[in-house]
Amino acid sequence: MQLTTPLITTLLSLISTTTAAALPQTTVTPGATTPWDVSNFVLGCSPGGCTYTFDISGPATADVGPTFSTSCSGSDEQQKMVPCSDTNIESNLVPTQDVGLVLQVSRFGDGANGGDNGYMYGNATAAPEGEGAFASFVVPAEFYGDIVY
Ligand SMILES: *[C@@H]1O[C@H](CO)[C@@H](O)[C@H](O)[C@H]1NC(C)=O
């Protein structure tokens with residue numbers, strides 16, 4: 001078949017449009033979030049602070065390893081990440097001025113590349129300011145790279 005000039009022009013603009021649209025994916029994909037499901041979140045607050053327990057599970061990710069499921073507990077007074085039953089998972093509950101109590105969760109593990117220790121992190125509001133805690137919610141976690149010791 002003989003390509004007419006208008007068709008070639010159309011094809012060229014299609015190619016350049018496709019190329020331009022494809023470029024952002026190289027930066028967007030590494031930042032894609034992995035959902036970690038929090039359930040049975042229970043908050044107990046007293047004048048001394050708030051303690052919490054919850055269950056959490058998440059899918060396998062190439063960066064950090066297979067599916068996981070564990071239980072965590074702590075308080076908003078600890079001011080640091082503390083290990084869950086599965087010690088590769090850590091949590092912390094942080095009081096914030098703007099959104100209330102924020103649950104931070106991290107996960108360490110060897111990815112598909114072995115060797116290095118991958119690190120994922122995410123946070124989510126567990127209890128909006130002045131309200132009770134959500135019983136279940138999703139923590140959007142992101143991969144932040146390999147920790148080299
Ligand atoms: C929650 O995560 C976001 C994105 O990483 C970060 O900017 C924010 O400071 C975190 N908030 C808390 C309370 O950890």
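Atoms within each ligand, like the ligands themselves, are counted from 1 in listed order.
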- Task: Return yes if a side-chain donor-acceptor contact under 3.5 Å exists between N123 and Y121, otherwise no.
- Result: yes
- Answer yes or no: is there a donor N or O on one side and an acceptor on the other, between the side chain of D55 and the main chain of N40, under 3.5 Å? no
- Message: Taking V138's backbone N and O only, do any of them form a donor-acceptor pair with D37's side chain (distance below 3.5 Å, no angle check)?
- Response: no
- Measure the distance from atom 5 (O) of ligand 1 to every protein heavy atom, then report the residue, atom name and distance (to 0.1 Å) of the closest one. Y144 OH, 3.5 Å
- atom 3 (C) of ligand 1: nearest protein contact (heavy atom, Å): N123 ND2, 3.6 Å
Protein heavy-atom contact under 4.0 Å for [atom]?
atom                    : answer
atom 14 (O) of ligand 1 : yes
atom 7 (O) of ligand 1  : no
atom 10 (C) of ligand 1 : yes

- Look at the side-chain heavy atoms of Ile, Leu, Val, Met, Phe, Trp and Tyr, link any pair under 4.5 Å apart, and say whether F134 and L43 land in one connected group. yes
- Which segment of Q104 sits under 4.0 Å of ligand 1 when only heavy atoms are counted: side chain
- Anything under 30° is parallel, anything over 60° is perpendicular, the rest tilted; go ahead and classify Y52 against F41. parallel
- Message: Is there a polar contact, in the sense of an N or O pair closer than 3.5 Å, between T96 and ligand 1?
- Response: no
- Can you tell me how far CE of M120 sits from OG of S106, rounded to the nearest 0.5 angstrom? 10.5 Å
